[in-house]
Amino acid sequence: MARLPRLSIPGLPHHVLLRGNNGQAVFVDDADRREWLEALSTYGTECGVALHAWVLLPQSVQLLLTPATADSLSRFMQAVGRKYTRQFNLRHGRSGTLWEGRYRSCLVQHALHLLSCMRYIELNPVRAAMVADPGGYRWTSYRANGLGNPDARLTPHPLYLGLDADPVSRRAAYRALFRPQLDAEAASDVREALKLGMPLGSERFAEAICARLGIRRNTGKRHHDQKRGANQ
């Protein structure tokens, strides 16, 4: 299988997914989760990455972040992943790889999709039937973005800040976005962009990003059509 393209443009938000190898747990206990979050804080500043949303699930991690330079994202993910793997292996008496190859990522068009992407990330525990409400899950940025719990790791995105000038009203406006859960089509768009490594946004945005990076845009339609034809 060909490698997914690695799209990274400074100043634009990126949705990142990192899974455990063969579906294995990457967080065994709260000490593991704190270790990961500490690494986010350390290398976020060092590598020039602004974190807007995050969630830690038993077998995976999802982040929404904006890199300052062309190599900020790759340096950040390598540094966090390596440090965490060393600590995890040491604590749990294991060796070898922890992650399922490279992380997956997609660029996000902030005007249309950034808040949807934040909701998608923070609703993961609800979709996994771990909690009934995103505020009931401890290991997610929703407690800061929606409930106001301090989280020094986060850099609020301007679009989030634009929900309201008053922090209390802003959080209320953000929580209101979660009343109707992310619709199936929007969630599918987020998953497909991550799967293909393609930009998440309008057709014009996606085409412009791919043209800027000199790559061919993959919509997934050809593969789908080939698969359907093989089954007929």
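- With rounding to the nearest 0.5 Å, the separation of CG in D29 from CD in E35 is 10.5 Å.
- With hydrogens and angles disregarded, no donor-acceptor distance shorter than 3.5 Å links the side chain of H92 to the backbone of R94.
- Considering CH2 of W36 and OG1 of T85, their distance stands at 8.0 Å, rounded to 0.5 Å.
- Using a 4.5 Å heavy-atom cutoff, the side chains of M118 and L177 are not in contact.
- Side-chain atoms of F178 and P134, non-hydrogen and from C-beta on, do get closer than 4.5 Å to each other.
- Residues A39 and K83 approach most closely at CB-CD, 4.4 Å, considering heavy atoms.
- Using a 4.5 Å heavy-atom cutoff, the side chains of S74 and S8 are not in contact.
- The shortest heavy-atom contact between L37 and R153 is O-CD, 3.5 Å.
- Side-chain contact between L63 and M77 is present, with at least one heavy-atom pair separated by less than 4.5 Å.
- When side chains are defined from C-beta on, V28 counts as touching F88, because their heavy atoms get closer than 4.5 Å.
- If you take CG on L65 and CG on L73, they are separated by 5.5 Å, rounding to the nearest 0.5 Å.
- What you find for V126 and A132 is that their closest heavy atoms are CG1-O, 4.1 Å.
- Not one N or O on the side chain of R19 forms a donor-acceptor pair closer than 3.5 Å with the backbone of W99.
- Distance check: H15 NE2 to L114 CG gives 11.0 Å after rounding to the nearest 0.5 Å.
- A pairwise comparison of heavy atoms in S105 and V16 identifies CB-CG2, 4.1 Å as the closest pair.
- More than 12 heavy atoms of other shown residues, nucleotides or ligands fall within 6.0 angstrom of atom CG in D30.
- In this structure, R82 places its CZ atom where only 12 or fewer heavy-atom neighbours from other residues, nucleotides or ligands lie under 6.0 Å away.
- Contact of the Y137 side chain with the N124 side chain is not registered, since no non-hydrogen atoms from C-beta on lie closer than 4.5 Å.
- Residues L154 and S141 come closest through the heavy atom pair CD1-CB, 3.9 Å.
- Here the CD-OH distance, from Q78 to Y103, works out to 7.0 Å after rounding to the nearest 0.5 Å.
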Could you tabulate the donor-acceptor pairs under 3.5 Å formed by side-chain atoms of residues 42-58, not counting sequence neighbours?
unit_1 : atom_1 : unit_2 : atom_2 : d
T42    : OG1    : E38    : O      : 3.1
H52    : ND1    : T155   : O      : 2.7
H52    : NE2    : T66    : OG1    : 2.7
W54    : NE1    : D151   : OD2    : 3.0

Donor-acceptor pairs under 3.5 angstrom involving side-chain atoms of residues 163-175: please list them, not counting sequence neighbours.
unit_1 : atom_1 : unit_2 : atom_2 : d
D164   : OD1    : D166   : N      : 2.9
D166   : OD2    : V168   : N      : 3.3
D166   : OD2    : S169   : N      : 2.9
D166   : OD2    : S169   : OG     : 3.1
R170   : NE     : L161   : O      : 3.4
R170   : NE     : D164   : O      : 2.9
R170   : NH2    : D164   : O      : 3.2
R170   : NH2    : A165   : O      : 3.2
Y174   : OH     : E122   : OE1    : 2.6
R175   : NH1    : G146   : O      : 2.7

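- Contact record, S60 with V26: N-CG2, 3.8 Å, taken as the closest heavy-atom pair.
- To the nearest 0.5 Å, atoms CD1 (I121) and OG1 (T140) are separated by 8.5 Å.
- Taking the side chain as every heavy atom from C-beta outward, R34 and W139 approach each other to under 4.5 Å.
- Between the side chain of R138 and the backbone N or O of R143, no donor-acceptor pair lies under 3.5 Å.
- Between V61 and F27 the shortest side-chain heavy-atom distance falls below 4.5 Å.
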